[in-house]
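The next block holds one structure in the form of structure tokens; read it before the comments.
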There are 2 protein chains.
Amino acid sequence: MSENVGRWLRDEIENAILSYEFAPGERLDETVLANRFGVSRTPVREALMQLDAIGLIEIRPRRGAIVIDPGPHRIYEMFEVMAELEGLAGSLAARRLDKASREAITATHGRCEQSAGAGDSDAYYYDNEEFHKAIYAASRSDFLQEQCVQLHRRLRPYRRLQLRVRNRLSTSFSEHCAIVDAIFAGDGDEARRLLRTHVGIQGERFSDLVASMATR
Amino acid sequence: MSENVGRWLRDEIENAILSYEFAPGERLDETVLANRFGVSRTPVREALMQLDAIGLIEIRPRRGAIVIDPGPHRIYEMFEVMAELEGLAGSLAARRLDKASREAITATHGRCEQSAGAGDSDAYYYDNEEFHKAIYAASRSDFLQEQCVQLHRRLRPYRRLQLRVRNRLSTSFSEHCAIVDAIFAGDGDEARRLLRTHVGIQGERFSDLVASMATR
DNA sequence: ATTGTCATTCTTGTATACACAAACATTGAC
DNA sequence: GTCAATGTTTGTGTATACAAGAATGACAAT
């Protein structure tokens with residue numbers, strides 16, 4: 001319970017939104033939330049204001065807060081930006097790689113290999129996240145790292161959908177291998193290119209998924 | 001006075017921070033702010049929470065809010081990310097250019113030409129901003145556009161410093177020309193490359209500036 | 001039957017009050 | 001003279017009360 005109730009609530013509500021417990025478009029009633037969490041309205045409002053600032057909900061003056069529904073197109077756009085940022089992170093990582101970062105990447109990459117080999121998509125989902133975070137950290141750019149982590153977080157629910165797709169798991173891992181090679185070889189441009197497509201593909205896969213669901 | 005006091009205060013305080021009225025490191029006292037703006041502490045707190053979420057200030061539990069001092073290195077990192085995002089925007093703009101965007105770019109580019117020719121760095125500062133925003137819009141990616149505008153806003157104070165540097169004004173404009181050519185020619189890769197260096201240079205200039213001030 | 005207006009009710013927006021924690025200063029002891 | 005402990009003060013964190021605006025439903029008029 002992170003020091004003050006406002007922050008705790010922010011994280012709590014954020015998780016609820018990202019896990020679809022609060023559905024997109026749903027109205028968030030301050031009083032209801034306050035009762036549910038056993039606090040007064042004040043910290044609830046503080047949490048909501050923060051989520052509004054982050055862009056997860058929208059507060060319309062005098063009309064309450066609703067969960068933002070990004071919509072397939074906007075999610076694709078977010079993947080597009082994510083791909084670009086990850087590409088930059090990879091490029092910087094390749095140029096600035098030091099021992100600690102190299103070991104972190106090797107370790108997380110190894111864990112991905114295990115879970116991919118075992119076909120455990122839940123484990124891979126988690127290990128994959130750590131692998132990408134290791135690359136962000138290796139970029140040695142605090143700001144970039146923060147931006148990447150934040151976007152990654154917002155895209156998390158949509159990533160998860162795709163790992164169940166046939167062969168995606170092993171394809172993803174082989175892409176990781178090429179990325180690691182490029183970074184360790186100090187080839188920034190190649191790392192950038194590989195990461196950009198690696199992440200960009202997820203946006204396209206997501207579009208395909210939505211398209212196939214729409215025609216169904 | 002934007003509908004509700006909280007938002008108004010958020011914008012008001014944000015501007016005060018970005019214009020250095022509230023200096024980096026300065027402590028923001030809720031009661032003082034409330035008196036200054038003639039409101040109670042509640043909307044002040046809401047504004048502060050939002051600014052914290054955006055990353056402009058830091059609220060340490062039970063110890064109040066302080067204005068974040070990004071520091072030269074972090075500002076450089078921010079320019080680095082900005083360069084990447086603008087590069088993407090330019091690349092998309094080149095591919096997706098339509099009539100309206102083309103006209104918007106031409107118009108803002110023309111205004112830059114005038115103010116650059118007149119040597120009016122204040123006017124150029126404003127026109128330059130509009131020019132870049134026209135490119136964001138031309139990318140046809142709402143999310144990217146929002147991200148760019150937000151980062152642009154945060155970097156605004158540091159951009160301003162540099163336009164006074166000798167020859168920067170005319171150099172900047174000639175870079176604009178090349179960028180416009182690439183976008184209008186539909187050459188996404190070239191537009192990306194040019195924009196990346198155009199913006200990246202600003203980060204480097206900023207570093208130079210800080211270095212020269214430090215040795216002084 | 002449909003539409004428009006008014007009133008009621010519900011929810012948000014703001015203010016104020018109170019509680020509690022942290023920083024600071026003052027005093028006393030070693 | 002210095003350090004520690006305690007009291008005071010200041011300012012944040014939470015709750016609650018009150019005001020104002022929006023949604024909803026009912027009733028009347030066309």
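Residue numbers start from 1 in every chain, and the chains themselves are labelled A, B, ... in the order their sequence lines are given, proteins ahead of strands. Please read all numbers here as calculations on a predicted model, not as lab measurements.
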Next item on the list: With sequence neighbours left out, write down each residue that passes salt bridge (charged side-chain N to carboxylate O under 4.0 Å, His left out) with B:E113, or none if nothing qualifies.
Entry: none
Notebook entry, point to check: Residues from residues 48-57 of chain A sitting under 4.0 Å of DNA chain D, heavy atoms only?
Noted result: none
Next item on the list: From the options D:dT12, C:dG13, C:dT12, select the nucleotide whose nearest atom is closest to the side chain of A:R45.
Entry: C:dG13
Check: Rounded to the nearest Å, what distance is computed from the CD1 atom of residue B:I59 to the P atom of nucleotide D:dT14?
Finding: 12 Å
Margin query: Just the rounded figure in Å: distance from P of C:dA15 to CD of B:E30.
Written below: 14 Å
Notebook entry, point to check: Distance only, no hydrogens: is a donor on one side chain within 3.5 Å (strictly under) of an acceptor on the other, for B:H176 and B:N128?
Noted result: yes
Check: What integer distance in Å separates A:R7:CZ from D:dG13:C1'?
Finding: 12 Å
Note to self: Any N or O donor-acceptor pair under 3.5 Å from the base of D:dT12 to the side chain of B:T31?
What the structure shows: no
Checklist line | Length of the line joining A:D29:CG and D:dA22:P, which is rounded to integer Å | finding: 17 Å
Next item on the list: Inspect the contact between B:R156 and B:E129 and indicate whether a charged nitrogen and a carboxylate oxygen are less than 4.0 angstrom apart.
Entry: yes
Check: What nucleotide among D:dT14, C:dT11, D:dT12 has an atom nearest to a side-chain atom of B:R27?
Finding: D:dT12
Checklist line | Quiz item: A:R41 side-chain donor-acceptor pair to C:dG13 base, under 3.5 Å | finding: yes
Notebook entry, point to check: From C:dT14, C:dT12, C:dA22, pick the nucleotide closest to the side chain of B:R62?
Noted result: C:dA22
Checklist line | A:R153, A:R7, A:R154 screened by salt bridge (Lys or Arg N to Asp or Glu O under 4.0 Å) with A:E14, the one that passes | finding: A:R153
Checklist line | Residue-phosphate contact under 4.0 Å: A:R63 side-chain N/O, D:dA23 OP1/OP2 | finding: yes
Checklist line | Lys/Arg N to Asp/Glu carboxylate O, A:E80 vs A:R196, below 4.0 Å | finding: no
Item checked: Ring-face cation contact, A:F131 with A:R111, 6.0 Å cut, 45° max -> no
Check: Whole-Å distance between D:dG13 P and A:L9 CG?
Finding: 14 Å
Next item on the list: Could you check how far CZ of B:R10 sits from P of C:dT14, rounded to whole Å?
Entry: 13 Å
Check: Can you tell me how far P of C:dT12 sits from CG of B:N4, to the nearest Å?
Finding: 13 Å
Next item on the list: Give the rounded distance in Å between these two atoms: CD of B:E46 and C1' of D:dT14.
Entry: 13 Å
Margin query: Using every non-hydrogen atom in the two residues, find where A:L97 and A:A138 come nearest and quote the distance to one decimal.
Written below: CD1-CB, 4.4 Å
Item checked: Residue-phosphate contact under 4.0 Å: A:S40 side-chain N/O, D:dA15 OP1/OP2 -> yes
